[in-house]
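A short write-up of the structure that comes next.
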Amino acid sequence: MKKTYEPETKSAIEQVIDVFNDYIRTSTHFELLWSDKVGYIYISIDNVQGSIGDTGCCVVNCGEELFDKLIWELAVDIMEEVGHTIDPTEATLLERREIERRIHPYLEQLPTYQDRLQRVFTREKD
């Protein structure tokens with residue numbers, strides 16, 4: 001069994017990876033790996049236990065899915081740094097603005113995902 005994405009899907013995923021490359025490499029909260037069997041795998045990491053997290057592990061099926069996961073992780077990181085809680089859905093107006101400010105450079109490079117930022121604050125799923 002060998003995973004093959006449709007060319008458009010693979011291109012979209014790889015574009016998201018390219019834009020978030022530095023963040024993906026430096027984050028201690030998740031790993032993004034390639035498997036010839038299933039494709040890109042997103043693995044959450046439990047930093048307390050030093051192991052794979054109980055939730056948040058999945059095969060990446062499209063660029064939007066990966067983008068949503070990455071901006072959620074980034075928003076949580078920002079909330080850990082400046083927020084009153086780590087949950088972006090509970091962000092105050094000032095915290096939301098800070099998240100939007102820090103995510104803006106990614107959105108500038110991925111304009112097709114502009115509409116997805118608000119999902120961070122509502123945790124909306126497709």
Side-chain angles (χ1 to χ4, degrees):
M1 175 167 102
K2 183 166 175 68
K3 173 65 176 188
T4 56
Y5 289 103
E6 293 294 323
E8 185 177 299
T9 300
K10 185 174 183 191
S11 176
I13 293 169
E14 289 176 348
Q15 183 180 22
V16 171
I17 292 169
D18 288 345
V19 169
F20 282 90
N21 190 41
D22 288 342
Y23 180 66
I24 292 168
R25 283 188 297 106
T26 59
S27 177
T28 60
H29 300 290
F30 67 90
E31 187 67 82
L32 186 63
L33 304 171
W34 173 258
S35 164
D36 286 339
K37 295 175 184 171
V38 296
Y40 286 103
I41 303 170
Y42 178 96
I43 302 172
S44 66
I45 297 172
D46 181 335
N47 291 321
V48 175
Q49 299 293 323
S51 64
I52 294 174
D54 291 338
T55 62
C57 298
C58 68
V59 172
V60 176
N61 295 306
C62 64
E64 285 181 339
E65 178 183 26
L66 180 58
F67 180 84
D68 289 346
K69 286 198 163 296
L70 294 173
I71 63 169
W72 173 259
E73 288 293 342
L74 190 53
V76 169
D77 289 350
I78 295 164
M79 289 296 289
E80 283 181 321
E81 184 182 327
V82 301
H84 75 282
T85 178
I86 65 166
D87 186 351
T89 65
E90 297 179 19
T92 65
L93 182 58
L94 286 173
E95 292 163 348
R96 285 176 66 126
R97 286 184 180 154
E98 181 64 13
I99 291 168
E100 289 168 350
R101 183 185 73 77
R102 293 195 195 181
I103 291 176
H104 183 74
Y106 299 99
L107 290 172
E108 282 184 322
Q109 296 175 72
L110 296 165
T112 57
Y113 300 112
Q114 292 282 337
D115 64 322
R116 304 194 71 82
L117 177 59
Q118 292 310 309
R119 293 167 173 265
V120 167
F121 305 116
T122 62
R123 201 60 170 145
E124 184 180 331
K125 305 262 187 187
D126 284 329

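We count residues from 1, following the sequence as given.
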**Report entry** side-chain contact (heavy atoms from CB on, under 4.5 Å) partners for K2, two or more places apart
**Finding:** D36
Requested in this report: Not counting sequence neighbours, which residues clear side-chain contact (heavy atoms from CB on, under 4.5 Å) with E65? List them please.
Outcome: C58, V60, N61, C62
Under the ring pair (Phe, Tyr, Trp, His ring centres under 6.0 Å) rule, collect the residues that match up with [X], sequence neighbours excluded.
| X | answer |
| --- | --- |
| W72 | none |
| Y5 | none |
| Y42 | F30 |

Report summary line: Applied to residues 89-108, the ring pair (Phe, Tyr, Trp, His ring centres under 6.0 Å) test, sequence neighbours excluded, yields F20-Y106
In chain order, what residues pass the salt bridge (charged side-chain N to carboxylate O under 4.0 Å, His left out) check against [X], with sequence neighbours excluded?
| X | value |
| --- | --- |
| E98 | R101, R102 |
| D115 | none |
| E14 | K10 |

Query raised in the report: Residues two or more places apart in sequence or in another chain: which of them pass side chain to side chain donor-acceptor pair (under 3.5 Å) with D87?
Result: T89
Report task. For Q109 and P105, indicate whether the former's side chain and the latter's backbone hold a donor-acceptor pair under 3.5 Å. Result -> yes
Report task. Run the numbers on E95 and T92 for side-chain contact (heavy atoms from CB on, under 4.5 Å), then give the verdict. Result -> CA-CA 5 Å; E95 292 163 348; T92 65; 3.3 Å; yes
Report task. Please determine if R116 forms a cation-pi arrangement with F67, meaning its NZ or CZ atom is less than 6.0 Å from the six-membered ring centre and no more than 45° off the ring axis. Result -> no
Query raised in the report: Would the number of heavy atoms belonging to other residues, nucleotides or ligands and lying under 6.0 Å from CD of E108 be above 12?
Result: yes
Report task. Determine whether more than 12 heavy atoms belonging to other residues, nucleotides or ligands lie under 6.0 Å from atom CD of Q114. Result -> yes
Report summary line: Distance col, row K69:NZ vs I24:CD1, nearest 0.5 angstrom, shows 13.0 Å
**Report entry** Euclidean distance, Y40 OH relative to L32 CG, rounded to 0.5 Å
**Finding:** 7.5 Å
